[in-house]
Protein chains: 2
Amino acid sequence: MVHIAKGAHPAEGAPVPKGGPGRPRSEAVQQAIIEGVLRLVDEGVPLTELSIERIARTAGVGKATIYRRWDGREALFVDVLRAFEEPDQELPGVSMRDDLVCLLEGLRRRGLTMRSSALLHNVFAQMKALPKLWEAYHTTVIDPRRRLTLDVLRRGAANGELRTDVDLEMANDLLVGPMLLRTVMRPEAPLDDDLAERIVDTVLEGLRP
Amino acid sequence: MVHIAKGAHPAEGAPVPKGGPGRPRSEAVQQAIIEGVLRLVDEGVPLTELSIERIARTAGVGKATIYRRWDGREALFVDVLRAFEEPDQELPGVSMRDDLVCLLEGLRRRGLTMRSSALLHNVFAQMKALPKLWEAYHTTVIDPRRRLTLDVLRRGAANGELRTDVDLEMANDLLVGPMLLRTVMRPEAPLDDDLAERIVDTVLEGLRP
DNA sequence: CCAATACGAGACGGTCTCGTATCGAAATAG
DNA sequence: CTATTTCGATACGAGACCGTCTCGTATTGG
């Protein structure tokens, strides 16, 4: 029996059709459901107000069609999260400074599309209520990006572009923290084009005269 | 019937008793309700799942008692927010560096009590759905603290403890961002005692060798 | 053609919350 | 004492959503 879990991820929780006879599940329906959830989320509807019925109405889909594919709301949300994720970023790789600017610029652009931050806020708000969703966010969004940044910093330390007496985790947070503060926690803040550059250069240089 | 408001805040939304005859409202009940909401919030219950009925049950109170005092959930949440807020922080005021450490240390301690970050996450998640709550959070929590930090930085710039070619808003975010990243967005991160010091000193010094 | 499955739509009984109303008891002012 | 208001408790009808199930139709493999 071949389990074609949704996306490229196996064993996602809901029973899955055998290869056998019968009408196959529509990929368009799958997309319509996920897209419907995303639309509701960035209209500002909290995840807890997303009932299965409402999702079905929004997607123009029968309730049973959703229950057929997912175990419940949380499993659906996990798939929504994955569907929304973009592939990893490419880095120029010439200098640590430029790579860092590139990484922060990625965060800035992400903050400009309200979808991702609305989604993020909801994941945060429900991190206790929906632990699997929180875990999925970590493994598919946070951790890869964090690993990438730490690699850049490690190379920088090896090249002499970075103090070697500073914890890499600390350095990462000093760079990422300010950008996330503006993109995620202060929605009214302007996100100027040169913000990534300014953060990186100022953090590298320090605030002392 | 005279419409006054509850707490020390005028015009809060719900009708309020005259001074006249009749049994006065119990202050203990007010506290029990607000305390009940806080308890539910830091048990991880999202604000959208806080029904009036559930709050009443938790507080051991009749529903009518809540409807008598507040217009609805949002007005109640605003009062909960205010009740939870602590008075402003005292600063030693000897050096910019020490004042900054003190401010960040306040943020760290706040992050250690899960209440405030659970509350914060919920306010974020519902910033569109409950705009008055979002506004109240700004005016009672974010803005005062921000003003305090900017004052410290301004004095530092005047004393020569800070580069004068750096935007104060930027400097503020460079310091506050990393701490909020750890306290709010990464709940599993350890919050060591010396974290505030390390952030301040590293940001002041810069990351270059 | 036939068996099997998916589809949209919605009925079904159950639970939960809504906001209002009513009750008897308690507390206060005049 | 009386009038008035608050207290906890609970009843009320309205309505949303739950998860399951059943329609009639559509789409596949054999």
Side-chain angles (χ1 to χ4, degrees), chain A residues 1-6 12-37 40 45-77 79 126 129-130, chain B residues 1-7 13-37 40 45-77 79 126 129-130:
Chain A
M1 160 146 37
V2 181
H3 279 248
I4 314 173
K6 32 261 79 122
E12 255 332 299
V16 155
K18 319 173 43 167
R23 178 175 175 174
R25 291 189 182 165
S26 159
E27 188 58 35
V29 164
Q30 188 91 0
Q31 281 308 109
I33 295 169
I34 291 179
E35 188 55 37
V37 173
L40 288 170
V45 184
L47 287 190
T48 38
E49 283 179 17
L50 290 193
S51 59
I52 299 286
E53 297 213 351
R54 185 167 180 182
I55 294 170
R57 269 197 311 269
T58 304
V61 142
K63 288 176 16 172
T65 303
I66 296 182
Y67 283 111
R68 212 176 281 127
R69 294 164 189 248
W70 290 280
D71 273 358
R73 295 176 345 122
E74 186 164 12
L76 169 55
F77 294 157
D79 278 2
Q126 310 245 355
L130 307 176
Chain B
M1 160 118 59
V2 181
H3 282 240
I4 321 175
K6 50 229 136 273
V16 152
K18 319 174 40 168
R23 178 175 175 174
R25 291 190 182 164
S26 159
E27 188 57 36
V29 164
Q30 188 92 1
Q31 280 309 108
I33 295 170
I34 290 178
E35 188 56 37
V37 173
L40 288 169
V45 184
L47 287 189
T48 38
E49 283 180 16
L50 290 192
S51 58
I52 299 286
E53 299 211 353
R54 186 167 180 184
I55 294 170
R57 269 199 310 271
T58 304
V61 145
K63 287 180 6 175
T65 304
I66 296 182
Y67 283 111
R68 214 174 280 127
R69 293 163 190 247
W70 289 281
D71 272 358
R73 294 172 352 117
E74 186 165 10
L76 168 56
F77 294 157
D79 278 2
Q126 311 244 354
L130 306 176

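First the proteins, then the strands, lettered A, B, ... as listed; each starts at 1. All values derive from a computational prediction rather than experimental measurement.
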Distance in angstrom units between B:Tyr67 OH and D:dA11 C1', rounded: 15 Å
Looking at C:dT5, does its base get a donor-acceptor pair with the side chain of A:Arg23 below 3.5 Å? no
To the nearest Å, give me how far apart CZ (A:Arg69) and C1' (C:dT5) are. 12 Å
Residue-level proximity of residues 48-59 of chain B to DNA chain D when a heavy atom falls under 4.0 Å: none
Testing the 3.5 Å rule here: is there a donor-acceptor pair between the side chains of B:Gln30 and B:Arg69? yes
Going by side chain to side chain contact (heavy atoms under 4.5 Å, CB included), B:Ile55 matches just one of B:Ile34, B:Val61, B:Ile66. Which one? B:Ile66
Between D:dC18, C:dC7, C:dT20, which nucleotide has the shortest distance from any of its atoms to the side chain of A:Ser26? C:dC7
Earlier contact from the 5' end, DNA chain D, for A:Ala64 and B:Val61: B:Val61
Minimal non-hydrogen separation, A:Ile33 against A:Ala59, with atom names: CA-CB, 3.9 Å
Compare every heavy atom of B:Glu49 with every heavy atom of B:Arg54, then report the nearest pair and how far apart it is. NH1-O, 3.7 Å
Minimum heavy-atom distance B:Asp79-B:Trp70, with the two atoms named: OD2-NE1, 2.8 Å
Tell me the interatomic distance from B:Trp70, atom CH2, to D:dT6, atom C1', rounded to whole angstroms. 14 Å
Grab the two heavy atoms, one from A:Glu74 and one from A:Leu130, that are nearest each other, plus how far apart they are. OE2-C, 3.0 Å
Whole-Å distance separating the CD1 atom of B:Ile66 from the P atom of D:dG8: 9 Å
From CZ of A:Arg68 across to C1' of D:dG19 the rounded distance in Å is 13 Å
Minimum-distance nucleotide to B:Arg25 side chain [options: C:dC18, D:dT6, C:dC7]: D:dT6
On DNA chain D, more 5' by nearest nucleotide between B:Lys63 and B:Val29 is B:Val29
Shortest non-hydrogen contact between B:Leu47 and B:Arg73, atoms and distance: O-NH1, 3.0 Å
Rounded off to whole Å, could you give me the CD-to-P distance for the A:Glu27 and C:dC7 pair? 11 Å
Calculate the interatomic distance between B:Leu40 atom CG and C:dT17 atom P; express it in whole Å. 11 Å
